[in-house]
Amino acid sequence: MRKGKLLVISGPSGVGKGTLISKVLPRLEKTCLARSATTRPRRQHEKDGREYFFLSREEFEERVRRGDFIEHVRYGSNLYGTLRSEVERNLESGRNVILEIEVEGAMAVRRQMPEAVLFFIAPPSFDELRKRLIGRDTEISAEIETRLARAGEELALQEKFDYIVINDDIDRAADELEQKIRACLEGGKT
Ligand code: 5GP
């Protein structure tokens with residue numbers, strides 16, 4: 001059976017990766033989203049095993065020792081990681097797998113799985129990203145500043161990605177992302 005493709009969707013926090021993926025994923029055949037593990041506290045609307053597997057720091061570190069992660073990073077004061085189990089069995093069974101992760105993790109995935117295709121979702125401007133992060137109202141203001149500082153570093157790495165999509169308008173950007181994913185699923189990485 002033909003193995004699925006690994007599609008990494010990355011970009012700064014607040015840029016709209018999650019919203020874009022929720023629009024594009026239902027349009028794609030045989031494609032799933034891998035759930036990550038994190039030590040971040042669960043937000044009110046989130047459910048364990050749906051948005052993330054929420055782990056204590058001890059559980060997370062134990063799983064790092066067991067080699068359960070393809071990559072893991074520290075982001076702010078929390079740990080996030082891509083679970084091997086979420087990725088490998090799906091690729092083996094012919095499903096494409098999407099990872100929604102930050103930029104350092106995307107670079108680590110590329111080193112380990114060079115066949116992965118990397119998409120960078122960019123904001124129209126840094127100011128717009130700031131507005132979105134504040135408007136999202138999921139983080140306290142110190143956390144927003146940490147995320148914005150990190151966003152500056154992340155934006156500097158966008159040229160290392162295979163594709164860049166600017167999220168200036170959600171519907172337009174979703175169409176562009178879908179078309180780019182289709183091009184890479186049909187034709188291989190170009
Ligand atoms: P949030 O706390 O907003 O859910 O996520 C913070 C950042 O961590 C986002 O940019 C998100 O894409 C990223 N992230 C989520 N899961 C993973 C993961 O497994 N690995 C890495 N490297 N980043 C992740």
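Counting convention: from 1, in listed order, for ligands and their atoms alike. Starting from 1, each residue takes its place in the sequence as its number.
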Among E154, R150, R147, the one residue meeting side-chain hydrogen bond (donor to acceptor under 3.5 Å, both in side chains) with S13: R147
Per-atom contacts, ligand 1 versus [X] - under 4.0 Å to a heavy atom:
| X | result |
| --- | --- |
| V73 | 21 (C), 22 (N) |
| K17 | 9 (C), 10 (O), 12 (O) |
| R40 | 1 (P), 2 (O), 4 (O) |
| G105 | 22 (N) |
| R147 | 1 (P), 2 (O), 3 (O), 6 (C) |

Considering only the protein, which heavy-atom contact is closest to atom 13 (C) of ligand 1, and what is its distance? E102 N, 3.6 Å
Which residue supplies the protein heavy atom nearest to atom 19 (O) of ligand 1, what is that atom called, and how far is it? S36 OG, 2.7 Å
When you check the gap from the basic side-chain N to the acidic O, do K131 and D127 get nearer than 4.0 Å? no
Does a salt bridge link E128 with R132, judged by any charged N lying under 4.0 Å from a carboxylate O? yes
Check [X] against ligand 1 and report side chain, backbone, both or neither, counting heavy atoms closer than 4.0 Å.
| X | value |
| --- | --- |
| T82 | both |
| R136 | side chain |
| E143 | neither |

Could you tell me whether I166 atom CD1 has more than 12 heavy atoms of other residues or ligands within 6.0 Å of it? no
Is it the case that R95 and N90 place a side-chain donor and acceptor less than 3.5 Å from each other? yes
Y52 near ligand 1 by a heavy-atom separation under 4.0 Å: yes
Look at ligand 1 and say whether E104 reaches it with a heavy atom at a distance under 4.0 Å. no
What orientation do Y163 and F119 show, parallel under 30°, tilted 30 to 60°, or perpendicular over 60°? parallel
Taking atom 21 (C) of ligand 1 as the point of reference, which of E46, E71, E154 owns the nearest heavy atom? E71
Just one of K180, R110, K5 clears the salt bridge (charged side-chain N to carboxylate O under 4.0 Å, His left out) bar with D162, so which one? R110
I want to know if ligand 1 touches [X] in the polar sense, i.e. an N/O pair below 3.5 angstrom.
| X | result |
| --- | --- |
| Y75 | no |
| S13 | no |
| P12 | no |

Would you confirm whether [X], through its side chain, and [Y], through its main-chain N or O, come within 3.5 Å as a donor-acceptor pair?
| X | Y | result |
| --- | --- | --- |
| E61 | E58 | no |
| E143 | E139 | no |
| S10 | F120 | no |

